[in-house]
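Every chain is numbered from 1, with letters handed out A, B, ... down the list of sequences. No hydrogens, no waters, no symmetry mates; every other heavy atom, side chains included, goes into these values.
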Amino acid sequence: MPIITLPDGTTRSFDTTTSPLQVAEDISAGLASVAIGARINGELCDLNTPIEEDAQVKIVTARKGEKETDPDALLLIRHSCAHVMAEAIQRIRPKTELVYGPALENGFYYDISFENEEPLSSDEFEAIEKEMKAIIEENRPFTRYELDATTGLEKLEKEGNKYKIDNAKRALETGSTSLTWYATGEKDKNWEDLCKGPHVPSTGRIGSYKIMTIASSYWHGDAESDNLTRVYGNAFVYSKQLKAYLKQREEAKLRDHRTVGKNLRLFHVDEQVGQGLVLWTPNGAVVRQELQTFIAEQLQLQGYSQVFTPHIGKLDLYRTSGHYPYYQESQYPPLIDPDQLKRLSDEGCSCSELSNMMAKGDIEGYLLKPMNCPHHIRIYASSPHSYRDLPVRLAEFGTVYRWEQSGEIGGLTRVRGFTQDDAHLFCMEDQIADEIRGCLELVKVIFATLGMDDYKVRVGLRDPDSDKYVGEASNWDKAEAACREAVESLDVPWTEDAGEAAFYGPKIDFIVNDVLGRPWQLGTIQVDYNLPIRFDLTYIGKDGGHHRPVMIHRAPFGSMERFIGVLIEHFAGAFPTWLAPEQVRVLPISEKTNDYAQEVHDLIHALGIRVSMDKNDERVQAKIREAANMKVPWQLIVGPRDAEARQVSVRMRGIRHDLGAVDLDTFITALQTEIQSRGKESILENCFPDVDVPKDA
RNA sequence: GCCACCGUAGCUCAGUGGUAGAGCGCACCCUUGGUAAGGGUGAGGUCACGGGUUCAACUCCCGUCGGCGGCUCCA
């Protein structure tokens, strides 16, 4: 006699075992016709799952309007669509073996082994989609059946798909007592897949779908293991939703910093220079310089000292720090002392012998620095410190080099040479929390100025089961507590993650998503008890004795490369005036006003503002279009009327028409104010208080 | 590093086993035009690089470099 409680609190009782479908039918025929699944006591289930006891039931429907489709409905549709896609692929490639095909937050994929088949090409998507269409039109039911562990494993052994056997064993190990299959149609007759479900009732309930892309993956995510083909797709209830999704992806591509960077000539990566080595072209260099100046101003206010250090250091330095042995695989190979190299060569030393000698420390060389901390540590160590001097805060826009895997490199977000907004704080233990808070404050100020509020904070703690960490457990406890304490005072969402710590200490990471939704770690703050020991750093305490300082590594924006990459996407290339490579462009209506235009240009230029003048023999319409394409924030249109009145007609980026004519001097003053205040005081407010401008313009 | 796909003019991209194409951009000329493309003419390519097959390769095959999408990694 199950009593069913619905989300609105009402209850319905049934005489016998029931199912979500029966519950829906009991409510209304309309509901039953749109139901595709249910949550029973919070768990997502098939529509015909038997309910034998009292339960909370939420019916999942696919029809709630285009704007607010239930995420559960999308999960059901996408997982079901993955099955249909896999069946379609197996029709075309019968010898493939299925591995794993889950729904994602933003689509679905199916991992398939093509070991015994010709590889799949994206040219074949259309053919696969055609097969999928046929399967969906047949509207075959998803039929669930269950076998006990022994019978189920026997069946899988007989079929011989090692991946599915492995999936089954894993399911049984994690507590399942039986195995379930879903046939698309009838058991023993139609295509089927080992799968825990749930699914929509029948293939006809899958809405609009599309195969997106083909990629590769490893079995169990293990690079040593089998290579699998991963086919990504997406599915929605309505075709309009699919169209909107595809359109959004197109727009994201236009916002991609690689596209914008090329169009606006912000940076260039050159084949002949090297993979992952960024060349900052003049426009991008302006953005970077402005940003660095801004950050440096904030650092000065917070009591940092600026330092400069070279790009290389002795190999032994990194043996002391531990970086060389620990990260050897991801560093550029060392530069070996030329005399020593020649001697070894004369002695007939082989490459492997050389490599061994370098690892053991029998040979001296230099390393392109993969980190700035050893250099900063040696600066600290170069003079004695009293407890009265602490904290010592050494800051540098320090360029480091890392041998990232070639397949990982791309754009500005993953590179081999990059400049960190780095600093190292040397302090006493009871200063740690305050220093971390200072770092967080800096991040807040800068993100706020840039209008970036969509970021997350992750506190990375050690994994208690791993032995990769160095240092005393008691120190780790203290450092982890300090991180937590500081982050709690910051008003942003944060999570704790065990196993995300650096090998020498816990850290606080800032994570931002790019335009394609991929998360990137930007900045990081790390507490380090380890390096001060390794380098035997001390300060003189109140008691006159030597004490050990604690170090904080912090690069709140990570690397200038990655940060600006994310920033380009954040602004879609439309930088605020203070950051824009070109801040103002003067557009004379015809050559007749070139003289006045030149005067306007020169006056602005003399103030150190980045201004240009479009002298091309074009109509003003073409000049406006060109300036708009280059995302210049302010266009000054000057014709005879403006020259006569010593005014400029002002066009703001993103607004269809000009805002009106203002006195040249008034505009210039307002422009200077906006730039100097980094946008806090806008030209709009000071020159055009009555103009109504949409916020996102 | 692994797997798949891709590499043609400054940019975006067509194209074919038989002497290389468009649009935009660029240069020059005409036009002097008031708010998102005025018109004309012209220059510009060793078809990423190196091998091979072929009478003939931009096209087919192999390798290298680079890009893209994932996987793995990220102090």
K.L.:
Would you call Asp658(A) and Arg651(A) a salt bridge, taking side-chain N to carboxylate O under 4.0 Å as the test?
P.N.:
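No.
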
K.L.:
On the 0 to 90° scale, with breaks at 30° and 60°, tag the Tyr469(A)-Trp476(A) ring pair as parallel, tilted or perpendicular.
P.N.:
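Rings of Tyr469(A) and Trp476(A): perpendicular, over 60°.
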
K.L.:
Do the charged groups of Lys314(A) and Asp316(A) touch, with an N to O distance under 4.0 Å?
P.N.:
no

K.L.:
Ring-plane angle category for His376(A) and His424(A), please: parallel below 30°, perpendicular beyond 60°, tilted otherwise.
P.N.:
perpendicular

K.L.:
Take Asp166(A) and His220(A), measure what side chain to side chain donor-acceptor pair (under 3.5 Å) needs, and give me the verdict at the end.
P.N.:
CA-CA 10 Å; Asp166(A) 180 76; His220(A) 297 161; 2.8 Å; yes

K.L.:
State plainly whether the residues Asp422(A) and Arg554(A) are in salt-bridge range, i.e. N to O under 4.0 Å.
P.N.:
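Looking at Asp422(A) and Arg554(A), the cut-off is not met.
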
K.L.:
Below 3.5 Å is the cut-off: list the nitrogen or oxygen pairs between protein and nucleotides 29-36 of chain B, distance only.
P.N.:
residue, atom, partner, partner atom, Å
rC30(B), N4, Asp617(A), OD2, 3.0
rU31(B), N3, Asp617(A), OD1, 3.1
rU31(B), N3, Asp617(A), OD2, 2.8
rU31(B), O4, Asp617(A), OD1, 3.2
rU31(B), O4, Asp617(A), OD2, 2.0
rU32(B), O2', Lys592(A), NZ, 3.2
rU32(B), O2, Ser590(A), OG, 3.3
rU32(B), O2, Glu591(A), N, 3.1
rU32(B), O4, Glu591(A), OE1, 3.3
rU32(B), O4, Glu591(A), OE2, 3.0
rG33(B), O2', Arg619(A), NE, 3.4
rG33(B), N7, Ile589(A), O, 2.8
rG33(B), O6, Glu591(A), N, 3.1
rG34(B), O6, Pro640(A), N, 3.1
rG34(B), O6, Arg641(A), N, 2.7
rG34(B), N1, Asp642(A), OD2, 2.7
rG34(B), N2, Asp642(A), OD2, 3.0
rG34(B), N2, Ser649(A), OG, 2.9
rU35(B), O2', Arg651(A), NH1, 3.1
rU35(B), O2', His657(A), ND1, 3.4
rU35(B), O2, Arg651(A), NH1, 2.8
rU35(B), N3, Asp658(A), OD2, 2.5
rU35(B), O4, Asp658(A), OD2, 2.5
rA36(B), N7, Arg651(A), NH2, 3.3

K.L.:
Identify whether any heavy atom of Lys507(A) sits under 4.0 Å from a base atom; if not, whether one sits that close to sugar-phosphate; answer base, sugar-phosphate or nothing.
P.N.:
sugar-phosphate

K.L.:
At under 4.0 Å between heavy atoms, which parts of nucleotides 63-68 of chain B does protein reach? Answer with one letter per nucleotide, 5' to 3': B base, S sugar-phosphate only, - none.
P.N.:
--SSSS

K.L.:
Give, ordered by number, those residues of residues 310-331 of chain A having at least one heavy-atom distance below 4.0 Å to an atom of RNA chain B; if nothing qualifies, reply none.
P.N.:
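Heavy-atom contacts with RNA chain B come from His323(A), Tyr327(A), Ser330(A), Gln331(A).
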
K.L.:
Under 4.0 Å between a Lys/Arg side-chain N and an Asp/Glu carboxylate O for Arg93(A) and Glu118(A)?
P.N.:
no

K.L.:
Is the shortest distance from a Lys or Arg side-chain nitrogen in Lys615(A) or Glu591(A) to a carboxylate oxygen in the other one below 4.0 Å?
P.N.:
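Judged by the 4.0 Å cut-off on N to carboxylate O distance, Lys615(A) and Glu591(A) do not form a salt bridge.
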
K.L.:
Nearest heavy-atom pair of Phe108(A) and Asn234(A): which atoms, and what distance?
P.N.:
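Smallest heavy-atom distance, with atoms named: CE2-N, 3.5 Å.
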
K.L.:
Using the test side-chain hydrogen bond (donor to acceptor under 3.5 Å, both in side chains), find all partners of Thr96(A) that sit at least two apart in sequence or belong to another chain.
P.N.:
Gln90(A)

K.L.:
With a 3.5 Å cut-off and heavy atoms only, can you find an N or O donor on one side and an acceptor on the other between the side chain of Arg230(A) and the base of rC3(B)?
P.N.:
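Checked by distance alone, the answer is no.
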
K.L.:
Separation of His553(A) atom NE2 from rC74(B) atom P, in whole Å?
P.N.:
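In whole Å, rC74(B) P and His553(A) NE2 are 17 Å from each other.
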
K.L.:
So, taking the atom named CZ in Phe667(A) and the one named CZ in Phe688(A), what distance separates them when rounded to the nearest 0.5 Å?
P.N.:
7.0 Å

K.L.:
Would you call Glu500(A) and Lys507(A) a salt bridge, taking side-chain N to carboxylate O under 4.0 Å as the test?
P.N.:
no

K.L.:
Could you measure between the two P atoms, the one in rG15(B) and the one in rC6(B), and give it in whole Å?
P.N.:
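It comes out at 13 Å once rounded to the nearest Å.
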
K.L.:
For nucleotides 8-15 of chain B, which of its nitrogen or oxygen atoms have a protein nitrogen or oxygen under 3.5 Å away, and what is each distance?
P.N.:
residue, atom, partner, partner atom, Å
rU12(B), OP1, Lys262(A), NZ, 3.3

K.L.:
Any chance you could measure Cys439(A), atom SG, to Gln526(A), atom CD, to the nearest 0.5 Å?
P.N.:
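One gets 11.0 Å once the value is rounded to the nearest 0.5 Å.
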
K.L.:
Which ones in residues 104-118 of chain A lie close to RNA chain B, meaning a heavy atom under 4.0 Å from one of its atoms?
P.N.:
none

K.L.:
Please give, in whole Å, the distance from rC74(B) C1' to Leu522(A) CG?
P.N.:
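That distance rounds to 14 Å.
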
K.L.:
Taking atom C1' of rG1(B) as reference, at what distance in whole Å does atom CZ of Arg402(A) sit?
P.N.:
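So the two atoms are 18 Å apart, to the nearest Å.
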
K.L.:
Reading RNA chain B 5' to 3', what string of ( ), [ ], | and . shows its pairs, if Watson-Crick and G-U wobble pairs count only when both distances fall under 3.5 Å?
P.N.:
(((.(((..((((....[..)))).(((((.......))))).....(((((..]....)))))))).)))....

K.L.:
Can you tell which of His601(A), Glu582(A), Gln583(A) makes a side chain to side chain donor-acceptor pair (under 3.5 Å) with Ser612(A)?
P.N.:
Glu582(A)

K.L.:
Give me, pair by pair, the N or O atoms of the protein and of nucleotides 59-62 of chain B that are less than 3.5 Å apart, along with how far apart they are.
P.N.:
none

K.L.:
To the nearest 0.5 Å, what is the distance between OG (Ser590(A)) and CZ (Arg619(A))?
P.N.:
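Output value for this atom pair is 12.5 Å.
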
K.L.:
Decide yes or no on ring-ring contact (aromatic ring centres under 6.0 Å, His included) for Phe563(A) and Phe557(A), but give the supporting numbers first.
P.N.:
CA-CA 6 Å; Phe563(A) 185 54; Phe557(A) 307 102; 4.8 Å; yes

K.L.:
Is any NZ, NE, NH1 or NH2 atom of the basic residue among Glu435(A) and Arg393(A) found under 4.0 Å from an Asp or Glu carboxylate oxygen of the other?
P.N.:
yes

K.L.:
Students often get this wrong, so: under 4.0 angstrom with heavy atoms, is Gln526(A) touching a base, only sugar-phosphate, or nothing?
P.N.:
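Sugar-phosphate contact only.
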
K.L.:
Separation of Arg462(A) atom CZ from rA75(B) atom P, in whole Å?
P.N.:
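About 17 Å, once rounded to whole Å.
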
K.L.:
State which residues pass side chain to side chain contact (heavy atoms under 4.5 Å, CB included) with Arg265(A); sequence neighbours excluded, sorted by chain then number.
P.N.:
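In terms of side chain to side chain contact (heavy atoms under 4.5 Å, CB included), with neighbours along the sequence ignored, Arg265(A) is linked to Asn283(A).
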
K.L.:
Could you pull out all residues at least two apart from Asp528(A) that satisfy side-chain hydrogen bond (donor to acceptor under 3.5 Å, both in side chains)?
P.N.:
His553(A)

K.L.:
Whole angstrom is fine here: how far is it from CD1 in Ile511(A) over to C1' in rC74(B)?
P.N.:
13 Å

K.L.:
Go through the steps for Thr309(A) and Lys369(A) under the test side chain to side chain donor-acceptor pair (under 3.5 Å), then give the verdict.
P.N.:
CA-CA 10 Å; Thr309(A) 66; Lys369(A) 69 177 173 187; 2.7 Å; yes

K.L.:
Only pairs at least two apart or in different chains count here, so list each side chain to side chain donor-acceptor pair (under 3.5 Å) that has a residue in residues 620-639 of chain A.
P.N.:
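Of all non-adjacent pairs touching residues 620-639 of chain A, those that pass side chain to side chain donor-acceptor pair (under 3.5 Å) are Thr577(A)-Trp634(A).
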
K.L.:
Nearest 0.5 Å, what's the CZ-CE distance between Arg585(A) and Met630(A)?
P.N.:
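Atom-to-atom, Arg585(A):CZ and Met630(A):CE are 6.5 Å apart.
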
K.L.:
Give the minimum heavy-atom separation between Ile377(A) and Phe426(A), together with the two atoms involved.
P.N.:
CA-CZ, 4.0 Å

K.L.:
Expressed in angstrom and rounded to an integer, what is the separation of Tyr232(A) atom OH from rC5(B) atom P?
P.N.:
17 Å

K.L.:
Which residues within residues 217-228 of chain A lie with some heavy atom under 4.0 Å of an atom in RNA chain B?
P.N.:
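Within residues 217-228 of chain A, the residues near RNA chain B are Ser217(A), Tyr218(A), Gly221(A), Asn227(A).
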
